[in-house]
J.: 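Can you keep this structure in mind? I'll have questions shortly.
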Amino acid sequence: MKVSARNVLEGTVSALKEGAVNAEVDVSLGGGDKLAAVVTLESARSLGLVVGTKVVAVVKAPWVMLATDGSGYRLSARNILAGTVESVEAGKVNVEVTLALPGGTRITSVVTKEAATELGLKLGVKACAVIKASSVILGVPA
């Protein structure tokens, strides 16, 4: 599968909670890293999602927000993944930042140069990737 999204993460469904319209799917990415996704109940069923199903989680880099200091804020986003800045590639307008999570997963984000500067994003800085569960697209092998 080839896609334009920077974040294509292989994992296994570790929990599934069905609601009236949507399903919340927890995905174990390995090494202790986890990701939550919310998909329609129809999608969960058509993909055959059950605990143990191998999945691919796709998240476009612009959908990944970054934070360097929680300062006690609580967010509605289900995925707040702490890691360390592994690479920073600056363009004229945007900056591509890749975080290494403790379990080995890499998450890439695209933010404005101004935001990267304000956050002090550079190699080795601790940061969090913030991803809404509804921004995670799930797929299964055909």
J.: Can you hop from Val140 to Val51 via hydrophobic side chains spaced under 4.5 Å?
T.: no
J.: Using 0.5 Å steps for rounding, measure from the CE atom of Met65 to the CG atom of Leu119.
T.: 12.0 Å
J.: Could you walk me through whether Asp26 and Arg78 satisfy the salt bridge (Lys or Arg N to Asp or Glu O under 4.0 Å) test, starting with their C-alpha distance in whole Å, then the side-chain angles of each, then the deciding distance to 0.1 Å, before giving a yes or no?
T.: CA-CA 10 Å; Asp26 290 339; Arg78 292 275 290 122; 3.8 Å; yes
J.: Would you name the heavy atoms of Leu99 and Cys128 that are closest together and state the gap between them?
T.: CD1-C, 3.8 Å
J.: What's the separation between atom CG in Leu41 and atom CD in Glu24, rounded to the nearest 0.5 Å?
T.: 13.0 Å
J.: Check Lys113 against Lys92 and note the closest heavy-atom contact, atom names and distance.
T.: CD-O, 3.3 Å
J.: For Ser14 and Ser28, which heavy atoms make the closest approach, and how far apart are they?
T.: OG-N, 3.9 Å
J.: Would you say Ile131 ends up clustered with Leu138 if hydrophobic residues are merged whenever their side chains have heavy atoms under 4.5 Å apart, either directly or through other cluster members?
T.: yes
J.: I need the Lys126 NZ to Asp69 CG distance, nearest 0.5 Å.
T.: 14.5 Å
J.: A side-chain contact here means heavy atoms from C-beta on lying under 4.5 Å apart; do Asn7 and Val64 qualify?
T.: yes
J.: With distance as the sole test, does Asn79 use its side chain to make a donor-acceptor pair with the main-chain N or O of Ala36 at under 3.5 Å?
T.: yes
J.: Which atom names give the shortest non-hydrogen contact between Val88 and Lys122, and what distance separates them?
T.: CG2-CA, 4.0 Å
J.: Measuring from Ile107:CD1 to Leu66:CG, what's the distance to the nearest 0.5 Å?
T.: 10.5 Å
J.: List the atom of Val130, the atom of Ala77, and the distance in Å for their closest heavy-atom pair.
T.: CG1-CB, 3.5 Å
J.: Are any non-hydrogen side-chain atoms of Leu29 and Val27 less than 4.5 angstrom apart?
T.: yes
J.: If you group Ile, Leu, Val, Met, Phe, Trp and Tyr by side-chain heavy-atom gaps below 4.5 Å, do Leu16 and Val38 land in one group?
T.: no
J.: Applying salt bridge (Lys or Arg N to Asp or Glu O under 4.0 Å), run through Glu10 and Lys54 and close with a yes or a no.
T.: CA-CA 7 Å; Glu10 294 183 3; Lys54 299 287 185 194; over 6 Å; no
J.: Please step through side chain to side chain contact (heavy atoms under 4.5 Å, CB included) for the pair Ile137 and Trp63, ending with a clear verdict.
T.: CA-CA 11 Å; Ile137 300 168; Trp63 298 348; 4.0 Å; yes
J.: Does the pair Val25 and Leu49 meet the rule for a side chain to side chain contact (heavy atoms under 4.5 Å, CB included), with working shown?
T.: CA-CA 8 Å; Val25 184; Leu49 298 182; 4.0 Å; yes
J.: Answer yes or no: is there a side-chain heavy-atom contact under 4.5 Å between Val13 and Val50?
T.: no
J.: Under a 4.5 Å side-chain heavy-atom rule over Ile, Leu, Val, Met, Phe, Trp and Tyr, are Ile80 and Val136 clustered together?
T.: no
J.: I'd like to check Val8 versus Val56 (side-chain heavy atoms, cut-off strictly below 4.5 Å). Are they in contact?
T.: yes
J.: Between CG of Leu81 and CG of Leu35, what distance do you get to the nearest 0.5 Å?
T.: 6.5 Å
J.: What closest approach, in Å, do Ala127 and Val85 show between heavy atoms, and which atom pair accounts for it?
T.: CB-CG2, 4.3 Å
J.: In Å and rounded to the nearest 0.5 Å, what is the CG to CZ distance from Leu9 to Arg106?
T.: 11.5 Å
